[in-house]
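Below you'll find the structure, written out as structure tokens, and then a few comments.
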Amino acid sequence: MTLIESGSAADAAEIIRKNKEYSLFSWSVQQDVNPIAMERARGVYFWDAAGKRYIDFSSQLMNVNIGHGHPKVIEAIKKQAEELVYAYPGMATRSRGEAAELIASITPGKLKKSFFTLGGADAIENAMKMARLVTGRQKIITRLRSFHGGTFAAASAGGDPRRLAFDPGMPWIVRVPEPYAYRSPLYRNCTPEEGDMAVVDMMADIIEMEGPQTIAGILLEGYNGSSGLIAPSTARYWHRIRELCDKHGILLIADEVMSGFGRTGKWFGVDLYGVVPDLMVMAKGLTSGYVPLGAVVASEAIAEHFEKNMLWCGLTYSSHPLGCGAAVATIKVYQEENLIENAAAMGKVLEAGMRELAEKHPCVGDVRGVGLFWLFELVKNRQTKEPMQGWNKPLSEPMKKVAARLRELGMFTFVRWDWLFCVPPLCITSEQVREGLAIIDDALGLADPYVEG
Ligand SMILES: Cc1ncc(COP(=O)(O)O)c(C=O)c1O
């Protein structure tokens, strides 16, 4: 047997070999997978097994919001593991109560009681079940461009092509257009705000056609994430949807899995608009990915319903003590280290830098986002907005070149269709923002030659 030195290229190659030979990678044709052998991580950086450092500009899967390797959260996980590592979900535990109380204190309005899951998709499943149980109705309205998780009904709820292999999916999902000011035909010849209103008018119309008495909930990301950060320009959009819900007895469900926990510069995406949902779904930033945990947070009125009616929801690992312990420590880190405020402040530095790059690089068609939740949308032609690649098209030559260059220069982030995401951990400093943007500046230069005209 040959000895492989740790920290060597051979060590990294061996890790990758075993991973590829014995495990399956998500959302991939397996032979195309080309993973980084990730070994350790701290703050906004991580290192591979060969010792190469990467700046993490997507917080892994947009979830490591507090940054990597936070000692307080690691300590809390160790302490929890020593005290109580697992409890049957019918038990009351210290960490469960503390986590739920903290969540009630940071969520808006009368959101109060948490049902804990393991992640985002199973929280979405349970939120849809609750909406159907409470209203006695079946249908859930969602957006065409959206993502709500990879389990069957959650994938069906999203409009993202990750559902297409299993379509038609759930028959009770009704999808409506989204406020895509940059591309939607509903925004031609009008202001973005007028376009937003047209989108809501269409939603109202669809609700009438579907029969409001058949609709249990409207499920929307608090701030849309992996389908392209497509968000309205005016809070009126959300308020009118809230009014529609109130008028028809439909529950408003906010999916804050990606947009929650400071990502937008507020605790939750809906806080940008001052709207309060009836159910809020969270995961990712809840523990910053240190331990898997998700939650559905129910309003007092919904919680009241389940005082007298059966909650037909359950998981072996619901309210897992380790996850809840990690959530308590993580939420305290956001609070004690002012990470939400830092996200808002660093978001301004990031936005300014991105807009400068957009001026410089003709391949940039649009720059959009909020807080530390941004992307570049690349085009072949700024006037016609012809996409560099297009929705759900295989990675094109320019986008492949951009992605490869980012990786070569030591940046990890998402390059998906026409988008290059900038979603770093909330603990980032302005020097680190500039360090990341310098790498992106170089990589965008490889797409510029593909601009036509
Ligand atoms: C908005 C949104 N909802 C739900 C999910 C699913 O979460 P999970 O992957 O933890 O199941 C995701 C995952 O990216 C998401 O972005």
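Each ligand, and each atom within it, is numbered from 1 in the order the structure gives. For reference, positions follow the sequence shown, starting with 1.
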Do Arg236 and Glu193 sit within salt-bridge range, that is, some charged N less than 4.0 Å from a carboxylate O? no
Between the side chains of Arg242 and Asp278, is the shortest nitrogen-to-carboxylate-oxygen separation below 4.0 Å, so that they form an ion pair? yes
Using a 4.0 angstrom limit on heavy atoms, which residues are close to ligand 1? Gly119, Gly120, Ala121, Phe147, His148, Gly149, Glu221, Asp255, Val257, Met258, Lys284
Aromatic Phe116 / basic Arg96 pairing, under 6.0 angstrom, 45° off normal: no
Residues Arg355 and Glu351 bridged, charged N to O under 4.0 Å: yes
Using 4.0 Å as the upper bound for N to carboxylate O, is an ion pair formed by Glu243 and Arg240? no
May I ask you to check if Lys385 and Tyr182 form a cation-pi contact, with NZ or CZ under 6.0 angstrom from the six-membered ring centre and within 45° of the axis? yes
